[in-house]
Amino acid sequence: MPELPEVEVTRLGIHPYIEGRKVTGLILRRDGLRWPFPANLQQLIVGQTVVSTGRRGKYLLLHFSHGSLLIHLGMSGNLRIMPPHTPAQKHDHVDIVLGDQMLRLTDPRRFGAVLWHDHADGALEEHLLLRKLGVEPLSDRFTDDLMFQQTRQRSAPIKQVLLAGDVVVGVGNIYACESLFRAGINPKIAADRISRKRYQVLSVAIRQILAEAIKQGGSTLKDFVGADGKTGYFQQSYFVYDRAGEACRVCQGTIRHITQGQRSSFYCVNCQK
DNA sequence: ATTCCCTCCTGCGCGC
DNA sequence: TGCGCGCAGGAGGGAA
């Protein structure tokens with residue numbers, strides 16, 4: 001599932017139910033997901049108050065006074081608010097109870113993660129998994145100038161540079177394809193052969209696509225739902241993703257599918273040069 | 001340094 | 001209707 005829009009939709013959905021509330025219980029139904037859960041998670045968060053929520057790239061953050069819980073939804077995860085004691089289904093792995101509300105992590109493929117960063121270990125942004133991340137695409141630091149500077153002597157295809165996440169975070173396969181389409185850029189073009197002017201167009205496209213996707217509740221292909229259990233509907237707005245062989249919604253040409261770095265790319269040969 | 005390739009895991013859609 | 005296969009939103013890590 002989740003790229004930046006889905007994570008942000010999740011954060012916006014859970015935020016009103018958990019901010020300022022005390023964790024009263026924690027249920028772990030397995031030892032971990034991608035990595036083992038923090039060994040002493042009970043002691044770390046039960047009895048503590050969620051000061052605020054945040055997001056860094058595709059990591060969702062629950063800030064406490066003494067540290068932060070990092071939650072990654074992997075490919076198939078979701079977080080929902082529901083009444084405590086709601087019977088657990090097959091892939092419900094973690095429940096964080098906050099009084100009369102409960103935050104439940106569901107993740108069929110178990111590529112997700114729950115990690116702890118203690119304030120005693122230094123700044124959160126220096127966490128091993130966060131420190132190499134690029135800029136936030138919806139922040140003021142994300143500019144055409146930054147994209148241009150960060151792609152000098154970078155001969156990899158622009159699509160793969162977007163996915164790598166070290167220039168800009170949160171743009172996964174779907175939104176990389178859609179952004180490149182909107183910018184009129186062929187995904188195979190080497191990043192260091194794209195002009196500053198085209199990076200201007202691309203940076204605007206990325207911002208617009210992500211913002212629109214958030215507004216529409218994200219994309220639901222199979223399993224993504226927001227905190228309220230509702231599906232997103234940005235997938236109805238796709239111009240190229242998963243539309244191989246179909247007609248381009250702009251020029252009526254045929255959408256092409258290629259593989260780049262073991263990932264599917266979709267683009268229009270006419271519209272994207 | 002990059003870049004490729006593999007890996008974690010379940011579920012679904014497709015072709016036979 | 002059933003079964004096997006390939007593929008899927010992410011991304012760390014090891015090898016080359």
Side-chain angles (χ1 to χ4, degrees), chain A residues 1-11 29-37 55-60 70-79 88-94 105-115 127-134 137 150-180 187-188 190-193 206 209-210 213-214 216-226 231-238 240-245 257-266:
Chain A
M1 116 198 194
E3 302 183 28
L4 185 149
E6 290 75 31
V7 178
E8 185 63 10
V9 165
T10 298
R11 189 188 72 79
R29 296 194 180 80
R30 52 185 313 118
D31 296 336
L33 296 171
R34 180 171 188 168
W35 297 294
F37 294 135
R55 181 186 54 73
R56 181 71 178 98
K58 298 169 190 168
Y59 288 90
L60 201 134
L70 287 69
I71 302 175
H72 198 294
L73 299 177
M75 291 253 270
S76 59
N78 64 63
L79 277 171
Q89 307 292 306
K90 189 176 178 185
H91 301 298
D92 296 341
H93 309 307
V94 180
L105 174 62
T106 304
D107 185 5
R109 289 176 71 180
R110 309 211 297 269
F111 289 174
V114 177
L115 302 162
H127 187 282
L128 215 57
L129 296 174
L130 303 185
R131 61 183 308 164
K132 303 186 305 287
L133 297 182
Q150 296 288 306
T151 51
R152 295 312 84 197
Q153 294 164 352
R154 192 124 176 215
S155 57
I158 182 61
K159 165 77 183 319
Q160 289 176 250
V161 169
L162 290 178
L163 286 190
D166 55 340
V167 175
V168 58
V169 291
V171 184
N173 206 29
I174 293 171
Y175 298 110
C177 290
E178 294 299 318
S179 298
L180 287 167
K188 290 184 288 191
D192 60 1
R193 287 179 40 232
I206 290 172
I209 295 271
L210 295 178
I214 291 170
Q216 296 186 37
S219 295
T220 299
L221 295 189
K222 282 184 195 160
D223 35 26
F224 175 72
V225 291
T231 58
Y233 50 97
F234 187 76
Q235 66 279 7
Q236 295 169 12
S237 305
Y238 292 168
V240 289
Y241 183 81
D242 206 23
R243 297 194 67 240
H257 170 270
I258 59 172
T259 298
Q260 296 181 283
Q262 290 84 240
R263 306 295 298 280
S264 286
S265 291
F266 302 88

Chemist: Do the side-chain N or O atoms of A:S76 get closer than 4.0 angstrom to the phosphate oxygens (OP1, OP2) of C:dG10?
Modeler: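 The answer is no; no side-chain N or O of A:S76 sits under 4.0 Å from OP1 or OP2.
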Chemist: Using atom NZ of A:K58 as one end and atom C1' of C:dG9 as the other, report the distance to the nearest whole Å.
Modeler: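 From A:K58 NZ to C:dG9 C1': 8 Å.
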Chemist: Think A:R263 has a side-chain N or O under 4.0 angstrom from the OP1 or OP2 of C:dA11?
Modeler: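 Indeed not, no polar side-chain atom of A:R263 lies that close.
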Chemist: In whole angstrom, what separates A:F224's CZ from C:dA8's P?
Modeler: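 In whole Å, C:dA8 P and A:F224 CZ are 21 Å from each other.
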Chemist: Among residues at least two apart in sequence or on other chains, which ones pass side-chain hydrogen bond (donor to acceptor under 3.5 Å, both in side chains) with A:R30?
Modeler: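 With neighbours one apart ignored, the set is empty.
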Chemist: Taking only N and O in the side chain of A:Y59, is any of them less than 4.0 Å away from OP1 or OP2 of C:dG12?
Modeler: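 For C:dG12, OP1/OP2 do have a side-chain N/O of A:Y59 under 4.0 Å.
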Chemist: When the distance from CG of A:L60 to C1' of C:dG10 is rounded to whole Å, what number comes out?
Modeler: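 Roughly 15 Å, once rounded to whole Å.
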Chemist: Expressed in angstrom and rounded to an integer, what is the separation of A:R154 atom CZ from B:dA1 atom P?
Modeler: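 After rounding, the reported distance stands at 13 Å.
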Chemist: Any side-chain donor paired with an acceptor under 3.5 Å for A:D192 and A:S155?
Modeler: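 No, A:S155 and A:D192 have no side-chain donor paired with an acceptor closer than 3.5 Å.
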Chemist: Mind checking what makes salt bridge (charged side-chain N to carboxylate O under 4.0 Å, His left out) contact with A:R154, not counting sequence neighbours?
Modeler: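 Salt bridge (charged side-chain N to carboxylate O under 4.0 Å, His left out) check on A:R154 returns A:D166.
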Chemist: Can you measure from CG (A:L163) to OG (A:S265) and round to the nearest 0.5 angstrom?
Modeler: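 Answer for the CG-OG pair, A:L163 versus A:S265, is 7.0 Å.
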Chemist: In whole angstroms, how far is the P atom of C:dG10 from the CG atom of A:L4?
Modeler: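 Answer to the nearest Å: 11 Å.
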Chemist: What closest approach, in Å, do A:G170 and A:E3 show between heavy atoms, and which atom pair accounts for it?
Modeler: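 Shortest heavy-atom separation between A:G170 and A:E3 comes out as O-CB, 3.7 Å.
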Chemist: Could you tell me which residues satisfy salt bridge (charged side-chain N to carboxylate O under 4.0 Å, His left out) with A:R152, sequence neighbours excluded, listed by chain and number?
Modeler: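 Applying salt bridge (charged side-chain N to carboxylate O under 4.0 Å, His left out) to A:R152 gives none.
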Chemist: If you compare all heavy atoms of A:P2 against all heavy atoms of A:G77, which two are closest, and at what distance to 0.1 Å?
Modeler: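 It is CG-O, 4.1 Å.
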Chemist: Take atom CG of A:D192 and atom C1' of B:dT2, then tell me their distance rounded to the nearest Å.
Modeler: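 For the pair A:D192 CG and B:dT2 C1', the rounded distance is 13 Å.
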Chemist: Are A:Y241 and A:S219 close enough that a side-chain donor and a side-chain acceptor fall under 3.5 Å?
Modeler: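 Result is no, nothing qualifies.
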Chemist: Please, what dot-bracket string fits DNA chain C when only Watson-Crick and G-U pairs with both distances under 3.5 Å count, crossing ones use [ ] and pairs to another strand use |?
Modeler: .|||||||.|||||||
Chemist: Under 4.0 Å, counting only non-hydrogen atoms across every strand here, what does A:A156 touch: a base, just sugar-phosphate, or nothing?
Modeler: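 Sugar-phosphate only.
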Chemist: Among residues at least two apart in sequence or on other chains, which ones pass salt bridge (charged side-chain N to carboxylate O under 4.0 Å, His left out) with A:R56?
Modeler: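 A:E136.
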Chemist: Go along nucleotides 4-16 of chain B 5' to 3' and tag each nucleotide: B for a protein heavy atom under 4.0 Å from its base, S when only backbone or sugar atoms are that close, - otherwise.
Modeler: SB--BBBB-----
Chemist: In whole Å, measure the gap between the P atoms of C:dA11 and B:dA1 for me.
Modeler: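 Their P atoms lie roughly 23 Å apart.
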Chemist: When all nucleic acid strands are considered with a 4.0 Å heavy-atom cut-off, which category describes A:L129: base, sugar-phosphate, or nothing?
Modeler: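 Sugar-phosphate, no base atom in range.
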Chemist: Taking all non-hydrogen atoms of both residues, which atom of A:Q235 and which atom of A:T220 are closest, and how far apart?
Modeler: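 Minimum heavy-atom contact is OE1-N, 2.9 Å.
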Chemist: Reading DNA chain C from 5' onward, which residue's closest nucleotide shows up sooner: A:Y241 or A:K132?
Modeler: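 Taking each residue's closest nucleotide, the earlier one in sequence belongs to A:Y241.
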Chemist: Once you round it to whole Å, what is the distance between C1' of C:dG12 and CG of A:L70?
Modeler: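 Value for this atom pair: 15 Å.
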Chemist: For A:L162 and C:dG9, what is the distance between atoms CG and P respectively, to the nearest whole Å?
Modeler: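 After rounding, the reported distance stands at 15 Å.
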